[in-house]
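Here's the structure we're looking at; comments come further down.
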Amino acid sequence: MYIGVDCGTQSTKVVVVDGTDGRIVGEASRSHKLEQGDHGRREQRVEEWTEAFRGALDEALKDAGIGAETIRAIGISGQQHGMVALDGDGVPVHPAKLWNDTETAEWNERLIDRLGGEQGCIDKLGLVLQTGYTASKIAWLRETHPQAYRRIATLLLPHDYLNFWLTGERVAEPGDASGTGYFDTRARTWRRDAFELIAPELDFDSVLPRLIDSREAVGKVRPTLARELGLSDDVIVSSGGGDNMMGAIGTGNIEPGRVTISLGTSGTIAVHAGEPVVPDNAMVANFCASHGGWLPLICTMNVTSATTTLRELVGLDIDGFNRAVAKAEPGAGGITLLPFFSGERVPALPQAQASMSGMTSFNTTPENLCRAAVESATFGLRYGLELLGPLASQATQIRLVGGGAKSPVWRQIVADVLDLEVVCPEVTEAAAFGGAIQARWCDDRESEVALDKLCRDWVRLDEGTLTRPRPEAVACYDGIYRRYREALSREYGIA
């Protein structure tokens, strides 16, 4: 049996996968507390992750009806970009600052300037720094909490931290490391000159974790922790990766022409590339993949987080919300929402706020408000997909994952807005499933198996979710999307 873990913003999910055929035989999740504050602060205590891991693992094994001693390997997926700064004893010097924290926007702009502007960033890193990346969080800590900053002995990402907690090893792999802001995504190595601009007092050689290849195991679970969890003493931990990279594996997006879109708290669009992509737009992230190759990616910050805000505003549960969306016509009666409740990364508006226009005494209904939330989140994804240019234009099918993908009406809106066929994998917890697939791939004690074969054999599509664009709706949404872009231009001057 193989364990896949996805440590996300809201919860940690665990799946138990049968290594003979890739079936999920058990699963569970445990929620996290999110600490939020003024100016975009979003942080979590690492203990939230480890306790959630313990609880979800125990529950998933019970769901599978097996003992922990049957587990051979574990693969960790984690929310990207988070800053986990540890002292010499492995204790955090500050709560983990998360991907959707926008408090560091000012520091990010300064770092871009110091790196030579957007072109300087691309030349050094292969991408342009974004507020959510780890770099500006370190710069922020250096200036606002100097005593904590001076105690830093190691800098890890969230999935790296869970690997460290499991094995005691301080390592990183290229996929997740791509989103730090001090990693060269083309050469697949740390960038010393960039790091020393961000944190000149810290020792580059000792503070940054050792890089390993994506197929390389981190190590074995620490004996004392293995005993606590009921694991055998030879359980290995694979390299793991960021949630987008592991979600790509979990949807079989490891070949050119594949596109994965996640309708989660945030929205992500990921496409496979065999070579590094030279972005002509700062919002395109030329990330490495966690299986070899590259994973150019677009991330929007307001998807189910935005729809949840509107759903709670009108007092509906999820089923009621979906019924309301279905009752409203495309275009939400003329209401346009810019859903930037948490600022926004694509377009780059970290300090933006949500706004709504086109409301009248006739169209301001719960149904139209709900529809406007879903449509606006989807328009943001179309905006991002267009930025990927030729890579996206090759796509013929979207593999859709995340909580929003469970909604048939939302799947239809995605198909109509993007004018592409949409289908969901049978396993909707793609990042956790990707972790389990990678764990099997990294388990060299078994017969060697190619990752593409594992994905072909294990990643199955749910044909019942297959949704095709409707020509009349596609034409209608072209006009509605133009209205959205006009609102974006009026509000923020974005053409």
Side-chain angles (χ1 to χ4, degrees), residues 261-267 300-344 346-347 349 352-386 398 400 402-420 422 465 467-492 494:
I261 291 182
S262 173
L263 302 179
T265 304
S266 63
T300 66
M301 293 182 69
N302 298 274
V303 180
T304 61
S305 56
T307 59
T308 298
T309 297
L310 267 293
R311 178 176 63 79
E312 293 176 346
L313 176 67
V314 298
L316 294 174
D317 61 16
I318 291 175
D319 288 340
F321 177 83
N322 285 326
R323 287 193 296 270
V325 174
K327 286 180 182 178
E329 295 292 325
I335 294 176
T336 299
L337 171 65
L338 298 180
F340 308 144
F341 295 97
S342 301
E344 189 49 85
V346 175
L349 300 166
Q353 297 177 331
S355 62
M356 195 176 287
S357 59
M359 292 183 292
T360 71
S361 58
F362 301 102
N363 69 2
T364 305
T365 65
E367 291 80 8
N368 281 335
L369 293 177
C370 294
R371 183 96 187 189
V374 171
E375 289 181 343
S376 66
T378 310
F379 291 151
L381 294 170
R382 174 167 171 173
Y383 180 94
L385 193 65
E386 290 172 348
I398 299 292
L400 200 64
K406 298 174 184 177
S407 165
V409 65
W410 201 340
R411 292 197 297 268
Q412 188 64 64
I413 290 172
V414 171
D416 293 339
V417 170
L418 301 183
D419 193 17
L420 284 168
V422 167
T465 66
T467 308
R468 294 184 173 89
R470 303 166 298 177
E472 70 282 1
V474 171
C476 179
Y477 270 120
D478 280 342
I480 299 166
Y481 177 65
R482 283 196 299 272
R483 190 179 76 201
Y484 172 86
R485 293 296 299 267
E486 288 165 2
L488 198 56
S489 177
R490 285 196 307 271
E491 191 84 14
Y492 296 105
I494 295 174

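Keep in mind that the numbers below use all heavy atoms, side chains included, and drop hydrogens, waters and symmetry copies. For this chain, numbers begin at 1 and follow the sequence in order.
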To the nearest 0.5 Å, how far apart are CD in E312 and OG1 in T307? 9.5 Å
Where do S266 and V303 come nearest, in terms of heavy atoms and distance? C-CG2, 3.6 Å
Step by step, would you call N302 with T309 a side-chain contact (heavy atoms from CB on, under 4.5 Å)? CA-CA 10 Å; N302 298 274; T309 297; over 6 Å; no
Do the side chains of E486 and R482 get close enough for a salt bridge, i.e. N-O under 4.0 angstrom? no
Mind checking the CZ-OG1 spacing from R382 to T378? Nearest 0.5 Å is all I need. 11.0 Å
Any chance you could measure T467, atom OG1, to I413, atom CD1, to the nearest 0.5 Å? 11.5 Å
Contact check, side chains of S305 and T265, non-hydrogen atoms, under 4.5 Å: yes
E386, CD atom: more than 12 neighbouring heavy atoms under 6.0 Å: yes
So CD of Q412 and CZ of R468: to nearest 0.5 Å the spacing works out to 11.0 Å
Kindly give the heavy-atom pair with the smallest separation between N363 and G358, and that separation in Å. ND2-O, 2.8 Å
Which value, rounded to the nearest 0.5 Å, describes the distance between E329 atom CD and I480 atom CD1? 9.5 Å
Checking side-chain contact (heavy atoms from CB on, under 4.5 Å) for the pair V409/V374: CA distance, chi angles, key distance, verdict? CA-CA 9 Å; V409 65; V374 171; over 6 Å; no
Could you tell me whether the side chain of W410 reaches within less than 4.5 Å of the side chain of L400, counting heavy atoms only? no
To the nearest 0.5 Å, what is the distance between CE on M356 and CG on L337? 4.5 Å
Closest approach of G404 and T304, non-hydrogen atoms and distance? N-CG2, 3.9 Å
Parallel, tilted or perpendicular: rings of F340 and Y492 (30°, 60°): tilted
Answer yes or no: is there a side-chain heavy-atom contact under 4.5 Å between S357 and R490? yes
Min side-chain heavy-atom separation L263-L381 under 4.5 Å: yes
Check whether any side-chain heavy atom of I494 lies under 4.5 Å from a side-chain heavy atom of S489, and answer yes or no. no
With no hydrogens and no angle check, is any side-chain donor or acceptor of R371 less than 3.5 Å from a backbone partner on A328? yes
Taking the side chain as every heavy atom from C-beta outward, state whether L338 and Y484 have any pair of such atoms under 4.5 Å apart. yes
Trace of the side-chain contact (heavy atoms from CB on, under 4.5 Å) decision for Y477 with D419: CA-CA 9 Å; Y477 270 120; D419 193 17; over 6 Å; no
S407: partners by side chain to side chain donor-acceptor pair (under 3.5 Å), with sequence neighbours left out: N322
Any donor and acceptor pair, going by atom type alone, linking the side chain of E344 with main-chain N or O of T300 inside 3.5 Å? no
Does the side chain of P366 come within less than 4.5 Å of L369's, by heavy atoms? no
Got P347 and Y383 here, is their nearest side-chain heavy-atom distance under 4.5 Å? yes
Which pair of heavy atoms, one from P339 and one from A377, lies closest together, and at what distance? CG-N, 4.4 Å
Flag the pair E375 and R483 as a salt bridge only when some basic side-chain nitrogen lies within less than 4.0 angstrom of an acidic carboxylate oxygen. no
On a heavy-atom basis, the closest approach of T336 and A487 is CG2-CB, 3.9 Å
For residues A324 and C370, report the shortest heavy-atom separation together with the two atoms involved. CB-SG, 4.1 Å
